[in-house]
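Per chain, numbering begins at 1; letters A, B, ... match sequence-line order.
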2 protein chains.
Amino acid sequence: MAQARGNTRQRIQDVALELFAEQGYEKTSLREIAERLDVTKAALYYHFKTKEDIIIGIFQDLARPIDELVAWAAEQPRTLETKKEILRRYHSALTDAAPLFRFMHENQATVRDLSIGLTFKERFVALNEFIQDPAAPIKDKVRAVSAIFALHAGTFFMQNIEGDPEEKQEAVLEVALDLIEQAEQAKQAKQA
Amino acid sequence: MAQARGNTRQRIQDVALELFAEQGYEKTSLREIAERLDVTKAALYYHFKTKEDIIIGIFQDLARPIDELVAWAAEQPRTLETKKEILRRYHSALTDAAPLFRFMHENQATVRDLSIGLTFKERFVALNEFIQDPAAPIKDKVRAVSAIFALHAGTFFMQNIEGDPEEKQEAVLEVALDLIEQAEQAKQAKQA
DNA sequence: GTCTATATACCGATAGAC
DNA sequence: GTCTATCGGTATATAGAC
């Protein structure tokens, strides 16, 4: 009774994500999760039907911000400012749920065929379409994709670079915004 | 005897990489690899001491170009042209061994603690250091990391964008080169 | 809601014949 | 160099008591 009553489900998800992120999904057994919580494997099965259900639950809770972003983006005019705002919001979502996205990033092979409606990658593709201009030259399309990828790079790989974390995050966002601006500049130059 | 004699080891590696890339390392069993080759599991153990040895063998064969690139880079002056050449060669290595790098990318959690001397990520970090200027402002450091990441984006995510594959690959490299040039421009402006 | 106990299945790995 | 047979271990998942 170290903890309160109705939160076992949540605690399972918390511990599971921690272990999944640390060791990978397959290498983490239910026994391990149960031990960390001081319960038995059987107890987990009261809260989740399968192991997959655990990760699906985590995913759905934390991926909601991305879905909201996709929904929001669908209603906006396709201006440069909209695209920049998409990148800002995506950057923010990535930062808020960093452990989850780190897990998704490092376990794509596992996550790929979970019984989830949309995968991480599909959401990525959806966002990508909003910031792409179908008529743009290939190089500008690459710039747009790279803008999103730069945000990922910032979230997952910037630990290898020294500097104040907040300052780094800001720089990452700036580079992404620069890229999308460059992608649009060529278009405007063409129209002029 | 559908195939020749001394190539069984190679055939195991080929099939294994194919399955590992498709389903992930953990979800691919030795039984599955053996079945695909029409041999038994025990036969695999004649050629490889463990399952891990199979992936390590694949990795070492195909990662050698990266190691050579790192070694080459260490001997070059740290000019802009060197950095651009590093990106060109890395892009080329990525393209040549795309299935392996795709596997590495999607199975980082698994690959992380294999008994390999250097991980994929460590090589990435090494290359990153060669194209970084320690004195540069954070934003330029981010640009440099993003240049490498753009190459990865190109190798793994560009399938979602229509266009001629070769043209796309060229555009990817151009964007990466642009990023490293931008990172250096600020520095030169500062010196002037 | 959590427990003990167990079913069932598959995995990686080895021994030893051919 | 490949086979048959099997060992030992662990995994997910379930049945049923409390």
Grab the [atom1]-[atom2] distance between [X] and [N] for me, whole Å please.
X	N	atom1	atom2	result
A/E35	C/dT2	CD	P	17 Å
A/D53	D/dT14	CG	C1'	15 Å
A/I54	D/dT12	CD1	P	9 Å
B/Y46	D/dT4	OH	P	18 Å

Only counting residues at least two apart or in another chain, list the ones meeting salt bridge (charged side-chain N to carboxylate O under 4.0 Å, His left out) with A/K121.
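Salt bridge (charged side-chain N to carboxylate O under 4.0 Å, His left out) list for A/K121, sorted by chain: empty.
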Salt bridge (charged side-chain N to carboxylate O under 4.0 Å, His left out) involving A/R112 - partner list, sequence neighbours excluded
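Expected list: B/E106.
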Partners meeting side chain to side chain donor-acceptor pair (under 3.5 Å) with [X] (sequence neighbours left out):
X	value
B/H152	B/Y90
A/E166	none
B/D140	B/R143

Looking at A/T8, does any N or O in its side chain come under 4.0 Å of the phosphate oxygens OP1/OP2 on C/dT2?
yes
Which donor-acceptor pairs under 3.5 Å do the side chains of residues 61-68 of chain A make with protein atoms, sequence neighbours left out?
from  : atom 1 : to     : atom 2 : distance (Å)
A/D67 : OD1    : A/R123 : NH1    : 2.3
A/D67 : OD2    : A/R123 : NH1    : 2.6

Could you write out DNA chain D as a dot-bracket string, with dots for unpaired bases, | for bases paired across to another strand, and Watson-Crick or G-U pairs counted at under 3.5 Å?
||||||||||||||||||
Would you give a per-nucleotide map of nucleotides 6-18 of chain C, 5' to 3', where B means the base has a protein non-hydrogen atom under 4.0 Å away, S means only the sugar-phosphate does, and - means neither?
-----SBBBB---
Is there any side-chain hydrogen bond (donor to acceptor under 3.5 Å, both in side chains) pair reaching into residues 31-48 of chain A, and which pairs are they, with sequence neighbours excluded?
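Matches after skipping sequence neighbours: A/E18-A/R36, A/Q23-A/E32, A/R31-A/E35.
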Check B/E22 with B/K27, please: is the shortest side-chain N to carboxylate O separation under 4.0 Å?
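B/E22 and B/K27: not salt-bridged.
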